[in-house]
Amino acid sequence: MHDDSALVEARLNRFVRERLQPAIYRATTPLEVTAWVVPGEPVSFAEAVSRPFTPFAVGEAWGRPWGTVWFHLTGTVPPKWAGLAETRIEVVVDLGFTVAVPGFQAEGTAYNPDGRLLKGVEALNRAVTVTGEIVDMYIEAAANPNIAADFSFTPTPLGDLATAGTTPLYTLRQADVAARDTQAWHLLQDVVALDGLRRELPAASPRRANILRALERCLDLLDPDDVGGTAAVGRAALADVLASPANASAHRVHAVGHAHIDSAWLWPVRETVRKVARTFSNVLDLIDRYPDFVFAASSAQQYAWLQDGYPELFERVRRAVAAGNFVPAGGMWVESDTNMPGGEALARQFVAGKGFFLREFGVEPLEVWLPDSFGYSAALPQIVQAAGSRWFLTQKLSWNDTNVFPHHSFLWEGLDGSRTFTHFPPVADYNAQLSGLELARAERLYSEKGVANTSLVPFGWGDGGGGPTEEMIAAAHRTASLEGSPTVELSSPRRFFEAAEAEYAAPPVWSGELYLEFHRGTLTSQARTKQGNRRCEHLLREADLWATTAFIRSGAEYPRAALENAWQTVLLQQFHDILPGSSIAWVHQQAEREYARVAGVLEGVIEASVRALCGPGDDAILLNAGPYAQEGVPALCGVTQVADSLLGATIARSPAGWVLSNRHVRVTIDADGLFTSIYDRHAEREVVPPGARANLLTLHRDTPTQWDAWDIDTPNARLFEALTDAETVEQLDHLPHGQVGVRVTRRFGASTITQDVTLAQASSAIDLTFNIDWHERQKLLRLNFALDVAADRAASEIQFGHIFRPTHANTSWDAARFETVAHRWVHVGEPGFGVAVANDSTYGHSITRTAFASEADAAPRIGTTVSLSLLRAPLFPDPTADQGRHELRVALRVGASIPDAVYEGYRLNLPIRSLTGVGSTPVEPLLTVDNPAVVIEAVKLAEDGSGDVIVRVYEAHGTRALARVIRSFESAAVVETDLLERPVISAAVIEADDAALTLELRPFQLVTLRYRRM
Ligand SMILES: [Zn+2]
């Protein structure tokens, strides 16, 4: 026969657009509209409806950026609609929706007159079902600007209330009561499912032709002037092709309803609270209609917002959880970044998240759900298991810019050897709609074919919320078993993982971090947010420790509520668009305020605890919250005084510049403020390569091709200007404790950097303190140390340990890993000699092999450059990112082992705290450990309020370690627990006697101990 398939296709497209879609509503009638404009920030329903509403017309503009307008819609359902069969009566509202997807534009929340939240009113989901003859509904309309626009990354003033302006963004276009033709709607879903499938089938396949001819017969039978009246016969023409069952070998999709609601991003946290309410109410509306529908939502924080702000809705969620339709997922407080949170903080994500789900719903998610975070730490498999979880899910590595990740289901092995069954949905999307295209993609890309056959598809509008729609559920029902399509089962994360794990006997193993080859700038953007995280994590450690010590030693009240609130605030800021610096100005300004508030609270907790321990007085006490003795103060101790050594470091002026020296090291600083020599007196070795200079600041071009705050592009990392000119280099006088140093001042562009270089009496660490007044735009500031160390790999601290990464770029995987995360330190070494670089605020590092050429060498010598990415200044989404003052510290220690690097990381981040005006009682440590490889990372009271003491330790050196942990407080017994403080069978505790226990740890093992007090 003649091939007219292109003509049938064109005919179908036009019919759907011009006839079928308009036939969904049989009739509409306008509603009366009145409105009240909220003058400031959002208000409650009760407050809004008590205000005077004034008439408002369809066609009128509304909504200054971030403003809220309450619309009151009233009217009656025309009596003649009462007898209509196959009809659903709905209120249909168009707030001025654009082509952008929900969550990136105007959004509404519909309420009945009693204040019951009905559902969201959003682009692509704008109808609310009504019953009865009277329409009386409120819509809380949010004029959220579309910051993303078309993702052209154009700088916009809209992300800050102060600069967003007041011009209305939207026009109310529709407020009707309407009669929906359910047959026509179902016909449209049939056509969409079949046509979507048809487009993905091979051109020559009989199935593709069968579907096309069925669609053609359907078109023939539909009366263009009475689509509704002929929809049933049209559907009958499609019944056979819809009933044809899936192939026996079809890929099996578990479709999990989902809404990836970013806790803040191109909107502030306060808008996310409303997004959660809109999305969850959409979901409850769908659950009422479709009992087989299952929706999974992560982030205990989002449920907690609902509980606070929308208690009635929260109770409905609680009932849906009990019924199994609504599934708390993931178990973390938020979907956090996992590159930058410290070990204890990442653990607390699970303690707080799972704790909330267990307390409020009696359920415990066993999967970790992080579809969108920017790479995954090698510490996670162990943390996942320590939290009592079994599985891990993400899809983000499908965004890699260089390499295709080889597996979709696999065992992910962490740095300690823990293995977690992990799934990357091959649909490669967390906002799927269950379209034919997406389902075909999932089947096509799935890399475990032949040995396994099941994948998960998370469906529902995400990022800005919205969630699944009725159309998506219709698509799932039609593809449950449909010839040519993967089979689709509405499912939960747990059901998926149980099935996927059971069918896959020997999954492949991926060892180490899941590095995202993309968004490498998120390790540096918004430095103040990152510094706030680092500071608060360490203040939390101090506050937990001293409050616990005060509780035990002095019977002081444990400030549980203050600590819990502080932890939750810090955990929220670790969300994967806040800590990474990829949010609008509003979000980062708020994060900085929250960090300052939390720091104030924690300083108060620390001070009150120390006063409880030491009593009032006029003395001074020196406190060391770190795990190692420092400046003569033992670990976890407070002492009243330490002896100053008489041997100070020295400073001298020479023709070559300034020379700082002590018995460990001699540093020569030239007239440019750069290090021309660092001489290790013990190793008798020069560390700066001939002709090179260390402590070099470089200013790099930073104009990413896309995703400005997110990305550092390779060419830009290569293009830089060296900031060698110093305005002044001056000796620093009157430094405490026998320190010596110089201050280097540089000016460039509109910015100024002062850098204090200091050397202490008894340390081989050179401390660098930066005060930066930063006014560059689209520039990356790096600090570089050229090192005559031929390291083939670099160690970087991560949570509860460190990982090694090659310094070369042999393979495409190595080359793509050109910007990497480290927490408090990095280390490069040769056998017997190494260099550590520690920091108190920085995460982004670049460590590369470098050929240093000089007249001293016949051929270039291969050394290492350690670079720290200190500051950026991207223009999108926050055009003011990183502008202004920054203070940060770096330490360079030569002749350093990895244990030395661990020590320096703690020293820089937990400096000795001096508190005056207290009594003279020293603070004895609650615990001591006899092996420096075994680090106490947290001391706190148990979450359950029992008064039991929780101690978290880990092996920090990458060795097998035997350690005695000696306590000096009353305890009836000690047990090993999981992160949720539930006893586990312990392999680590090999002996426990009266006051001590012996631990045997494998490299990087994490152990939680619970000391029972009664
Ligand atoms: Zn996200």
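The structure displayed is predicted, hence computed values, not measured ones. Counting starts at 1 for both ligands and their atoms, following the listed order. Any value given below was found using the heavy atoms of this structure, including those in side chains, with hydrogens, waters and symmetry copies removed.
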**Report entry** Residues R316 and D285 bridged, charged N to O under 4.0 Å
**Finding:** no
Report task. Please determine, by modelled atom types, if H845 and T820 share a side-chain donor-acceptor pair under 3.5 angstrom. Result -> no
Query raised in the report: In terms of side-chain geometry, is the basic nitrogen of R278 or E271 positioned less than 4.0 Å from the acidic oxygen of its partner?
Result: yes
Report task. Could you confirm whether D372 has any N/O/S atom lying under 2.8 Å from the Zn ion (ligand 1)? Result -> yes
Requested in this report: Using the Zn ion (ligand 1) as the apex, give the angle to atoms OD1 (D262) and NE2 (H260), rounded to 10 degrees.
Outcome: 90°
Query raised in the report: What N, O or S atom of H576 is found closest to the Zn ion (ligand 1)?
Result: NE2
Query raised in the report: Quick one: is the NZ or CZ of R318 closer than 6.0 Å to the six-membered ring centre of F326, and within 45° of its axis?
Result: no
